[in-house]
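In what follows, a structure is listed as structure tokens, so that the remarks can point back to it.
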Amino acid sequence: MVAVPSTAEAATVVCNRYCDGRDAALAPSDRQTVSSTLYGRRFTMHLNDTDAMAWATLDNGKAGDEVWMDRSFDGGRTWVDSRIGYATVSAGATARRTAQFNVDNWAANGVGALRACGKAGDRPELTCTAWTRSTWNAWDRRTAAATALMMQYNLPTGLFGNNDWWTSANALTAVIDNSRRSGMGSYRYAIANTYDKQVNAKLGQFRNEYLDDTGWWALAWVAAYDATGDSRYLNTARAGADHMYAYWDTRCGGGVWWKTDRLVKNAIENSLYIQLNAALSLRIPGDTVYRGRAQAGWTWFQSTGMLNGSNLVNDGISLSTCRNNGSVTWTYNQGVLMNALVQLNRLTGDAAALATARRIGDALVASTYLSPGGILREPNESSTCAGDGVSFKGAAVRGLGVLNAAAGGAYNAYLQRNADSAYANDRDTLDAYGSHWAGPRTASNHSCQHSAVDLLNAAP
């Protein structure tokens, strides 16, 4: 039970194919999705997937009972449109339905969800169903997950969640990859919107003091360039790569520092460096500069022993020994290096690079530590979708998916098993996913959600 909302009218009237307030009798389809009961009354959400509209019903009621809907454009975290379609049961009747209201706001790029609420006329308590939506831009697992991710997108800032930085780069990459994989171009507006809103933030051109952050954003703009052909995105990716190169030095024989304070050299920024430079060289005719940097990056990486004897990547090096520090084998370190080595193989034809990527992939899927029961799990995995680590699995399966394509589907079964498990055990009524792909379900945020989108993008 929840408190009675104070807002009594819809804040906006949305007109898509039809305007809010359309008679539910005119709906050409009726899919009943979620319901709730209170004092014997049943409140149900009905979806008109044909027109992307919805209405609510109250059954087994009495005169004076109330039913309405709430509409949210951020996945149910807030709702300005409250008590829309408000209706009461008439004398002598036991049921009532609302008019139809649009789920989304197409003109304003509002990605919506609705719920049915109601109460008995003679009691103060009320009940609401879970949030739900139509199949518009959500016709299968992959597109539904992308739509749930876009409920976390902040149009005014162009970032995701609470205006998070590097995880927004990963979320945008997942949306772009989803567009390529599913053929749904509805959310490509986010590319230019994010770029225009944030290109002058931090150090400009999506660079900041963290070199791995810079790498994530630069790779997002490589994906944006591939999707649009707009050269400004490729130029920004080059600016990111050049910024990273400025923090490559001879300490420990080479490598990029994790941060501009030059205190730590880790696996993640160096794997991103290899991947980014190889990707740029593949897209710049006649390039030798980025090609050379990618090759030098891999030569140095191999010399550190960060790729351990079990074919898994540890977190970084000790500056006192310039060798593997033996720290945690985070999942994203496996996925990004796999992706980097596939790009390097495409660029140079180096068969050894692809063979190494295969060994890492095999080790990841066989690891009882990282894949217990055959389902990917981050070390110290959050149950609240909090912290940086809930983005890691997204980068891991993104890289494994790239390797899977290069290896002729060698990891199809693993990726499908993970996708099936997450869908069955870690998903709510809006196709928002938590952190535990094996279950139980947890709360979601944009980082957990982009990781699920990455998984569904990679799955066959």
Side-chain angles (χ1 to χ4, degrees), residues 33-34 75-76 113 130-133 135 137-152 160-161 167 170-171 173-175 177-179 181-182 184 330-332 334-335 338 361 364-405 409 411-460:
T33 56
V34 291
W131 294 95
T132 189
R133 63 164 287 114
T135 56
N137 286 340
W139 62 82
D140 61 8
R141 296 181 185 185
R142 191 175 287 124
T143 52
T147 289
L149 177 57
M150 287 302 295
M151 292 178 189
Q152 304 272 348
F160 288 79
T167 55
N170 277 271
T173 300
V175 170
D177 287 349
N178 184 271
S179 175
R181 186 78 167 85
S182 69
M184 180 177 70
W330 306 111
T331 61
Y332 76 159
Q334 322 313 315
M338 282 187 275
L364 174 67
V365 304
S367 170
T368 57
Y369 179 58
L370 297 179
S371 297
I375 305 299
L376 190 65
R377 182 178 177 87
E378 192 63 44
N380 306 316
E381 188 167 272
S382 169
S383 292
T384 60
C385 277
D388 285 348
V390 292
S391 272
F392 289 4
K393 288 195 301 186
V397 291
R398 192 185 313 146
L400 186 63
V402 169
L403 175 59
N404 188 51
Y411 304 101
N412 275 349
Y414 178 85
L415 290 165
Q416 192 64 59
R417 183 189 317 120
N418 276 263
D420 289 345
S421 180
Y423 186 81
N425 301 309
D426 194 31
R427 177 181 61 97
D428 70 8
T429 54
L430 288 177
D431 285 86
Y433 290 75
S435 57
H436 302 324
W437 293 348
R441 191 189 172 274
T442 68
S444 186
N445 74 352
H446 74 284
S447 296
C448 281
Q449 189 65 21
H450 89 66
S451 293
V453 174
D454 283 314
L455 172 61
L456 296 168
N457 289 342

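If you read the sequence from its start, that first residue is 1, and numbering goes on from there.
Residues Val453 and Val175 fail the side-chain proximity criterion, which asks for heavy atoms closer than 4.5 Å. In this structure, Arg427 and Arg141 have side chains that are not in contact, with every pair of non-hydrogen atoms separated by 4.5 Å or more. Residues Tyr414 and Leu376 form a side-chain contact, since some pair of their non-hydrogen atoms from C-beta on lies under 4.5 Å apart. Residues Pro379 and Phe392 are not in side-chain contact: their nearest non-hydrogen atoms beyond the backbone lie 4.5 Å or more apart. Put simply, the side chain of Asn170 does not reach to within 4.5 Å of the side chain of Tyr332, judged on heavy atoms. Between Asn457 and Arg398, every side-chain heavy-atom pair lies at or beyond the 4.5 Å cut-off. You'll find the side chain of Gln334 stays beyond 4.5 Å of the side chain of Val365, heavy atoms only. For the pair Val397 and Asn418, the minimum side-chain heavy-atom distance is 4.5 Å or more.
When all heavy atoms are compared, the tightest approach of Ser421 to Ala438 is OG-CA, 3.5 Å. Of all heavy-atom pairs between Asp426 and Gly434, the closest is OD2-O, 2.8 Å. Taking each heavy atom of Cys448 and Val390 in turn, the nearest pair found is SG-CB, 3.7 Å. The two residues Ser444 and Gln449 come nearest to each other via the heavy atoms OG-OE1, 3.6 Å. Of all heavy-atom pairs spanning Cys385 and Ala443, the tightest one is SG-O, 2.9 Å. In terms of heavy-atom proximity, Arg142 sits nearest to Ser182 at CD-CB, 4.2 Å.
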Starting from the C-alpha separation in whole Å, work towards a yes-or-no answer on side-chain contact (heavy atoms from CB on, under 4.5 Å) for Lys393 and Leu455. CA-CA 8 Å; Lys393 288 195 301 186; Leu455 172 61; over 6 Å; no

From CA spacing to verdict: side-chain contact (heavy atoms from CB on, under 4.5 Å), Arg133, Leu430: CA-CA 7 Å; Arg133 63 164 287 114; Leu430 288 177; 4.1 Å; yes

Start with the C-alpha gap between Met150 and Phe160, add the side-chain angles, then the distance that decides, and say whether side-chain contact (heavy atoms from CB on, under 4.5 Å) holds. CA-CA 8 Å; Met150 287 302 295; Phe160 288 79; 4.2 Å; yes

Please assess Arg181 against Asp454 for the test salt bridge (charged side-chain N to carboxylate O under 4.0 Å, His left out), listing each intermediate value before the final yes or no. CA-CA 11 Å; Arg181 186 78 167 85; Asp454 283 314; over 6 Å; no

Taking it one step at a time, do Trp330 and Asn380 satisfy side-chain contact (heavy atoms from CB on, under 4.5 Å)? CA-CA 10 Å; Trp330 306 111; Asn380 306 316; 4.1 Å; yes

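Defined by atom type and a distance below 3.5 Å, a donor-acceptor pair is present between the side-chain atoms of Thr143 and Asp140.
Distance check, rounded to the nearest 0.5 Å: CD of Glu378 to CG of Asp388 gives 11.0 Å. Between the OG1 atom in Thr368 and the CZ atom in Arg377 there is a gap of 13.0 Å [rounded to 0.5 Å]. In this structure, OH on Tyr433 lies 12.5 Å from OG on Ser451, to the nearest 0.5 angstrom. The structure places CG of Leu400 at 4.5 Å from CG of Leu415, a figure rounded to the nearest 0.5 Å. With rounding to the nearest 0.5 Å, the separation of CG in Asp420 from CG in Leu456 is 9.5 Å.
Between the Thr429 side chain and the Trp131 main chain, a donor and an acceptor come within less than 3.5 Å of each other.
Sequence neighbours left out, not one pair with a member in residues 439-460 passes ring-ring contact (aromatic ring centres under 6.0 Å, His included).
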